[in-house]
Structures are given as C-alpha cells and as structure tokens.
Engineer: 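Dropping the structure in here first, questions after.
The sequence lines fix the lettering, A, B, ..., with proteins before strands; numbering per chain opens at 1. Everything numeric here is computed off the predicted structure, so don't read it as measured data.
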There are 2 protein chains.
Amino acid sequence: MLTAVSTPVATRLLTAAARLLSEEGPAALTTRRLAREVGTSTMAVYTHFGSLPDLVRAVIHEGFQRVAERLRALPATDDPVADLFEECRVTVEYARAEPHHFAVMFSGSPLAGLQMSEDDLRIGSYALRIARDTVERCIAAGRFRPAEPWLVTRHLWCQTHGLIQLERAGYFGPTLVPPGTPYLETYLRDFAVGAGDTLEAATASMARPHPRRATPE
Amino acid sequence: MLTAVSTPVATRLLTAAARLLSEEGPAALTTRRLAREVGTSTMAVYTHFGSLPDLVRAVIHEGFQRVAERLRALPATDDPVADLFEECRVTVEYARAEPHHFAVMFSGSPLAGLQMSEDDLRIGSYALRIARDTVERCIAAGRFRPAEPWLVTRHLWCQTHGLIQLERAGYFGPTLVPPGTPYLETYLRDFAVGAGDTLEAATASMARPHPRRATPE
DNA sequence: CCCACCTCCATAACACTGTTATGCCCTCAT
DNA sequence: ATGAGGGCATAACAGTGTTATGGAGGTGGG
C-alpha cells in the first residue's frame with residue numbers, strides 16, 4: 001500500500017494526522033486518536049494505508065511536497081547567491097514553523113517503526129534539485145569555484161539540517177547563545193565563502209534588500 | 001532522580017541499555033526487556049532511575065562523556081586546522097559506529113517521551129569546549145579570520161551533525177552519492193575556507209599525513 | 001539475641017498501544 | 001431483486017510504561 005489515496009476518509013485521516021503531528025507532536029499519532037478525531041474506527045487506518053507507519057509515510061511525502069512548492073515559488077534573480085540564501089531561509093522557516101513535521105521527515109529516527117525506503121529518499125531529496133540548480137548558477141556566474149553542483153548542494157543541506165536539528169533540540173537557546181545573534185546569516189555567508197565566493201560579495205548578497213518571494217497562495 | 005547511580009543492579013541496567021540500544025536500536029529499550037536481560041523485574045528501572053526516559057537520559061550522558069573522552073585524547077599539533085579536522089573525523093566515526101546511540105543523544109526526537117533539560121543541553125555541548133579551543137587556536141594562528149570562537153564552532157557543529165543525521169537517514173547512500181566521494185573531507189576543507197583559511201592551506205592541512213591520535217585505550 | 005525498620009524488588013494490575021480476525025452493513029452491478 | 005464486494009465497527013491479542021502492594025533480606029538499636 002503506497003500513497004495516492006484519495007477517498008474522503010483517507011484524506012480526512014491524512015489532514016488529521018498532519019494537524020495532530022503539528023499541534024501535539026508524534027506522541028499524539030495513535031490509531032485510536034486518529035479514529036476518534038475523524039469519527040471512524042481504527043480499521044480505517046489499515047484499509048486505507050496498511051499500517052500506521054504507512055500513514056506517517058504519506059504525511060511525510062506531503063511535507064516534502066509542501067517544502068518543494070515553497071522553494072519553487074521563489075523567483076530567480078540576477079544574484080544566484082542571494083537566491084540560494086533565500087532558499088535556505090525558507091527551508092529553515094518551514095522547519096521552525098512545523099518542527100514535528102520536519103523532525104519526522106528527516107529524523108530517520110524510527111517513529112512507530114517507520115523507516116525510509118529508497119523511493120522515500122529520492123522523494124525527500126527532490127527538493128534538493130531546486131537548490132542544485134541555484135548552485136549551478138552560482139558556479140556559472142563565477143561566484144562559486146567550479147565543482148560538482150550536487151556535492152556543494154549537499155554540503156549546504158548538511159549545514160541547514162544540522163542547524164535545524166540542533167535548534168529544535170535546544171542547543172541554540174538563549175542561555176547558550178546570546179539572543180539576537182544572526183548565526184543563520186553568518187553561516188550562510190561563510191558557506192558561500194567556503195564555496196568560492198569572496199567575503200565582500202557574500203556579505204553584499206546577504207544584505208541585499210528583500211528578494212521578496214512570490215507568496216505561494 | 002538524576003544520575004550518579006552506582007549500585008550493581010543500576011550499572012547492569014545501564015550497560016544492558018547501552019548494549020540493546022547499540023545492537024537492536026531504540027525499539028528494544030523496553031522495561032520488560034531490560035529486566036529480562038539483567039535478570040530482575042521492571043521495578044528495578046523505577047527504583048534506580050525513576051522512569052524509562054530517565055534511564056535513557058543516563059545512557060545519553062554516558063555517550064556524551066565517551067565522545068568528550070575521545071576528543072580529549074587527541075594531541076594538539078602545530079596545525080590547529082588539521083587538529084579541528086581530526087576532531088570532526090573522530091566525532092563522525094563515533095556516530096557511524098554507534099548510530100542509535102548518537103541518534104538518541106542528539107535527535108531531540110522524543111524517544112519514550114524524553115526531552116532534554118537545560119542541564120542536559122549543557123552537558124551535551126560540553127564536548128564543544130574542546131572544539132572551541134581549537135577554533136581559537138586557528139584564529140590566533142591567523143588561519144581563521146577574527147570572530148567569536150563559539151559562533152564559528154557552532155557552525156562546524158551544525159555541519160557535522162547535519163552530515164551525520166543525513167547519512168544515517170540514508171541520504172548519502174550509494175544510489176544517491178557516487179561511492180568513494182570524499183564528501184566529509186571536502187566539507188571540512190570548505191568550512192575552513194569559509195572561516196577564513198586559504199584554499200591551499202586548508203587543502204594542505206587536510207592532506208597532512210596522519211596526526212595520529214593517541215589511542216584512548 | 002531479637003526485634004524493628006527500611007531498602008530493593010517480585011507480583012499483579014491499569015490504561016494504553018498497534019494490529020488482526022470476524023462479520024455486518026451498505027452500495028453497486030447485473 | 002439479488003448476489004458480490006468494499007469499508008468499517010467490534011472485539012480480541014500481545015505488547016507497552018507505570019503504579020500499588022507486599023514480601024524478602026539485610027541492618028541498626030536495644
């Protein structure tokens with residue numbers, strides 16, 4: 001039983017699961033709770049999804065799609081480095097807004113015994129294609145030194161996910177990091193410098209006045 | 001009920017928990033399984049630790065200590081950048097050797113409802129002090145541009161944890177990344193460049209023949 | 001020496017979990 | 001109208017964390 005479920009009960013289960021995950025965390029994702037929320041019985045989960053982990057998998061796929069949509073909605077300007085910064089900011093903002101969602105999407109930690117398949121991984125890294133294209137533009141523009149774009153993109157991905165994870169765990173809390181520290185901006189700028197950009201150009205791209213994103217909806 | 005438990009049953013519980021976590025993953029960490037493993041009843045968990053999450057917390061603290069020990073065992077050479085690289089490599093190697101352990105230590109994902117306290121976070125970031133000192137040496141040596149050492153250290157921490165997490169989730173598997181790609185080395189080198197080092201110096205520090213670590217045991 | 005006490009744990013229960021077998025109901029096609 | 005089948009309600013099973021209870025076993029005081 002994969003995805004592509006569209007009967008009304010199945011979609012209601014999906015939205016209820018997303019809401020519960022978002023509002024009360026993974027502990028609220030139980031079959032009985034879902035059934036009560038939707039007004040059905042636990043069997044609905046099994047007829048429509050096969051198991052609870054499979055339902056969670058569907059929720060995850062939806063999350064991937066949502067992030068990819070937000071990234072696709074960003075306009076490409078003539079400053080690819082600034083565009084790359086903006087893409088990272090959007091990702092981090094999504095992760096901060098939906099911490100549980102994001103945690104389940106990427107934790108790899110077996111919530112309810114779920115583990116990602118090869119296909120899941122491919123879907124999960126699909127949003128990376130967008131960043132990869134931007135990285136390629138950075139290289140073509142001479143801002144980044146010539147390199148394999150995927151390799152550079154994955155480096156940024158590591159940095160972004162590490163930041164999100166450590167933020168969520170609390171390691172950037174106010175008692176550990178002085179409040180107001182623009183660490184995300186610093187790390188993005190330094191990443192660009194590490195990829196080949198000059199400190200001045202990277203700083204300028206960071207300070208660039210709002211390459212405001214086209215609102216998705 | 002905090003840590004500092006030393007009665008024989010408690011330590012046997014701890015070692016059994018660490019072994020189960022290491023060998024069979026977090027799903028094996030149940031009170032009944034632990035009791036069976038140690039030859040006692042589930043009540044032992046509660047008299048000695050208070051709850052299962054508290055036992056897991058103790059396991060986590062032990063993991064933190066072990067990583068810090070390995071880092072402290074590294075000798076300081078006259079190339080602080082190479083030393084920093086080595087510290088990262090040791091951390092990544094530990095994470096690869098004990099993936100479940102590391103995942104629980106930093107996932108922040110509420111395994112069995114555990115969530116880190118302020119003290120836990122302080123303990124967790126204690127190993128960072130070692131890296132921070134090395135970063136300071138990099139700045140003092142003129143390899144890194146002047147900056148707040150903690151800020152730079154946390155950047156490296158983000159990058160390292162993101163890589164570990166995505167590796168564990170499978171995003172660096174052979175079907176996604178060409179096998180043999182030295183991505184960790186590339187990312188460390190680019191990080192140094194982003195922190196102010198020159199590409200040539202960073203490459204040289206990376207290629208430096210084994211600043212072999214003093215074996216801890 | 002004996003008795004009180006007190007810590008540690010074995011037993012059993014409670015409320016929960018995911019999952020499955022069974023069977024009913026309702027719909028839809030023939 | 002009647003058979004067929006999908007979708008779900010009910011109830012059960014095996015497992016979970018946790019707690020109350022009570023019984024051993026050692027320890028200290030009289």
Engineer: Distances for protein N/O vs nucleotides 7-10 of chain D N/O pairs under 3.5 angstrom?
Structural biologist:
| from | atom 1 | to | atom 2 | distance (Å) |
| --- | --- | --- | --- | --- |
| D/dC8 | OP2 | A/His48 | NE2 | 2.7 |
| D/dA9 | OP2 | A/Thr40 | OG1 | 2.8 |
| D/dA9 | OP2 | A/Ser41 | N | 2.3 |
| D/dA9 | OP2 | A/Ser41 | OG | 2.8 |

Engineer: Atom CG of B/Leu29 and atom C1' of D/dG15: how far apart are they, to the nearest Å?
Structural biologist: 16 Å
Engineer: Could you list the residues that satisfy salt bridge (Lys or Arg N to Asp or Glu O under 4.0 Å) with B/Arg129, not counting sequence neighbours?
Structural biologist: none
Engineer: Using the test salt bridge (Lys or Arg N to Asp or Glu O under 4.0 Å), find all partners of A/Glu118 that sit at least two apart in sequence or belong to another chain.
Structural biologist: none
Engineer: Mind calculating the distance between CG (A/Leu13) and P (C/dG18) to the nearest angstrom?
Structural biologist: 13 Å
Engineer: Who are the salt bridge (Lys or Arg N to Asp or Glu O under 4.0 Å) partners of A/Glu62, not counting sequence neighbours?
Structural biologist: A/Arg66
Engineer: At less than 3.5 Å, do the side-chain atoms of B/Arg32 and the base atoms of D/dG15 form a donor-acceptor pair?
Structural biologist: no
Engineer: Would B/Thr134 and B/Asp83 count as having a side-chain donor-acceptor pair, cut-off 3.5 Å?
Structural biologist: no
Engineer: Rounded to whole Å, please give me the gap between CG in A/Leu20 and P in C/dT17.
Structural biologist: 12 Å
Engineer: Grab the OH-P distance between B/Tyr46 and D/dG17 for me, whole Å please.
Structural biologist: 6 Å
Engineer: Apply ring-ring contact (aromatic ring centres under 6.0 Å, His included) to B/His100 and list each qualifying residue two or more places apart in sequence or on a separate chain.
Structural biologist: none
Engineer: Please name all residues satisfying salt bridge (Lys or Arg N to Asp or Glu O under 4.0 Å) with A/Arg96, sequence neighbours left out, ordered by chain then number.
Structural biologist: A/Glu167
Engineer: Output the rounded distance in Å from CZ (B/Arg36) to P (C/dT11).
Structural biologist: 14 Å
Engineer: At under 4.0 Å between heavy atoms, what does A/Thr30 touch on the DNA or RNA strands: base, sugar-phosphate, or nothing?
Structural biologist: sugar-phosphate
Engineer: Rounding to a whole Å, what distance do you find between B/Leu34:CG and D/dT18:P?
Structural biologist: 12 Å
Engineer: Calculate the interatomic distance between B/Arg33 atom CZ and D/dT16 atom P; express it in whole Å.
Structural biologist: 10 Å
Engineer: Taking atom P of C/dG18 as reference, at what distance in whole Å does atom CZ of A/Phe49 sit?
Structural biologist: 15 Å
